[in-house]
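Below you will find the structure I want to go over with you.
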Amino acid sequence: MNTLTLLRLTSRNIIPTNDIIYLQSDWNYTIVHTLDKSKYISGFTLKILEKRIADSSFLRINRGLLINRQHIRRLSSVKKEAFVLMKNGEVLPVSRRKYDLLKECIEN
C-alpha cells in the first residue's frame, strides 16, 4: 500500500513528494521543482527540507541538489564529470563523491 507523503513549504504550499523532481539550494532558501514545471520557493534550507522529507526516494547528489530518484531518466559521466538527466529534461551535475552511491541506488 502506497502512502502519500506531503512536504509543507509554507502554510499555503503543501506538495506531495511524488510530484517533486528536485530541490535546489539558494543560500537560505530552497527552490522546489515539480512535475508540472512549477517552482516553489521555501524559506527553509535544503538541509531542513531533507530532514523533513526523510524519504529514501530522495538523494543528495551534490552540496546544493536533492533529487527524487523516481524521476531519474539516466546517469552519465564524461571524463571526470557526472550528470543525471531528469524526466523533465534537466541535466544536473553530480559530485564525484556521490556518483558511486547514486549509481548503486539506480541499479538497485
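Since we're looking at a predicted model, the values are computed, not measured. Residue numbers start at 1 and run along the sequence shown. These numbers come from the heavy atoms of this one structure, side chains and all, not from hydrogens, waters or symmetry mates.
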ask   = Looking at CG of D26 and CD1 of I41, how far apart are the two atoms once the value is rounded to the nearest 0.5 Å?
value =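 Output value for this atom pair is 7.5 Å.
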key: Check: I53 and L66 side chains under 4.5 Å, non-hydrogen atoms   =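 L66 reaches I53 side chain to side chain.
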message = Return the NZ to CZ distance between K47 and R52, rounded to the nearest 0.5 Å.
response =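 The NZ atom of K47 sits 14.5 Å away from the CZ atom of R52.
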ask   = side chain to side chain contact (heavy atoms under 4.5 Å, CB included) between I72 and M86: does it pass, once the steps are laid out?
value = CA-CA 5 Å; I72 295 173; M86 303 304 288; 4.1 Å; yes
inquiry  = Applying a strict under-4.5 Å side-chain criterion to I, L, V, M, F, W and Y, I'd like to know whether Y40 and F44 cluster together.
reply    =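 Shared cluster, yes.
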message = Can you tell me how far apart CD1 (I21) and CD (Q70) are? Round to the nearest 0.5 Å.
response =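 Atom-to-atom, I21:CD1 and Q70:CD are 11.5 Å apart.
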message = Could you measure the distance from the NE2 atom of H71 to the CD atom of E90? Nearest 0.5 Å is fine.
response =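 Nearest 0.5 Å value for the NE2-CD distance: 12.5 Å.
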inquiry  = Could you check whether R69 makes a cation-pi contact with F58, meaning its NZ or CZ is under 6.0 Å from the centre of the six-membered ring and within 45° of the ring axis?
reply    =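 No, cation not above the ring by the 6.0 Å, 45° rule.
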query = With the 4.5 Å side-chain cut-off for hydrophobic clustering, are L75 and L59 part of the same group?
reply =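 Both belong to a single hydrophobic cluster.
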task = Keeping the roles fixed (side chain from T30, backbone from L46), state whether a donor-acceptor pair exists under 3.5 Å.
result =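 Yes, T30 side chain to L46 backbone: donor-acceptor pair under 3.5 Å.
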message = Could you check whether any side-chain N or O of T34 sits under 3.5 Å from a backbone N or O of S38, counting only pairs where one atom can act as donor and the other as acceptor?
response =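 Yes; at least one donor-acceptor contact below 3.5 Å.
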ask   = Taking only residues two or more places apart in sequence, or in another chain, which ones meet K79 in a side chain to side chain contact (heavy atoms under 4.5 Å, CB included)?
value =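 Counting only residues at least two positions away or on another chain, K79 forms no side chain to side chain contact (heavy atoms under 4.5 Å, CB included).
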query = Would L49 end up clustered with I67 when hydrophobic side chains under 4.5 Å apart are linked, directly or stepwise?
reply =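 No.
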query = Is R73 reaching over with its side chain to a backbone N or O of K87, donor-acceptor style, under 3.5 angstrom?
reply =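 Answer holds: yes.
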task = Kindly compute the distance separating CG (N13) from OG (S42), expressed to the nearest 0.5 Å.
result =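 With rounding to 0.5 Å, CG (N13) is 8.5 Å from OG (S42).
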inquiry  = Does any part of the side chain of I15, heavy atoms only, come nearer than 4.5 Å to the side chain of V32, both counted from C-beta?
reply    =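 Yes, side chains in contact.
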message = Counting C-beta onward and ignoring hydrogens, is there a side-chain heavy-atom pair between L6 and T17 closer than 4.5 Å?
response =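 Heavy-atom side-chain distance check fails, nothing below 4.5 Å.
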Output side-chain donor-acceptor pairs under 3.5 Å for residues 91-107, partner residues at least two apart or in another chain, one line each.
{"from": "S95", "atom 1": "OG", "to": "I61", "atom 2": "O", "distance (Å)": "3.4"}
{"from": "S95", "atom 1": "OG", "to": "K98", "atom 2": "N", "distance (Å)": "3.3"}

query = Is L23 reachable from L65 through a run of I, L, V, M, F, W or Y residues, each pair having side-chain heavy atoms under 4.5 Å apart?
reply =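 No, it is not one cluster - the side chains of L65 and L23 are not joined through contacts under 4.5 Å.
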message = Around atom CG of N28, are there more than 12 heavy atoms from other residues, nucleotides or ligands closer than 6.0 Å?
response =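 No - once you tally the heavy atoms of other residues, nucleotides and ligands closer than 6.0 Å, there are 12 at most.
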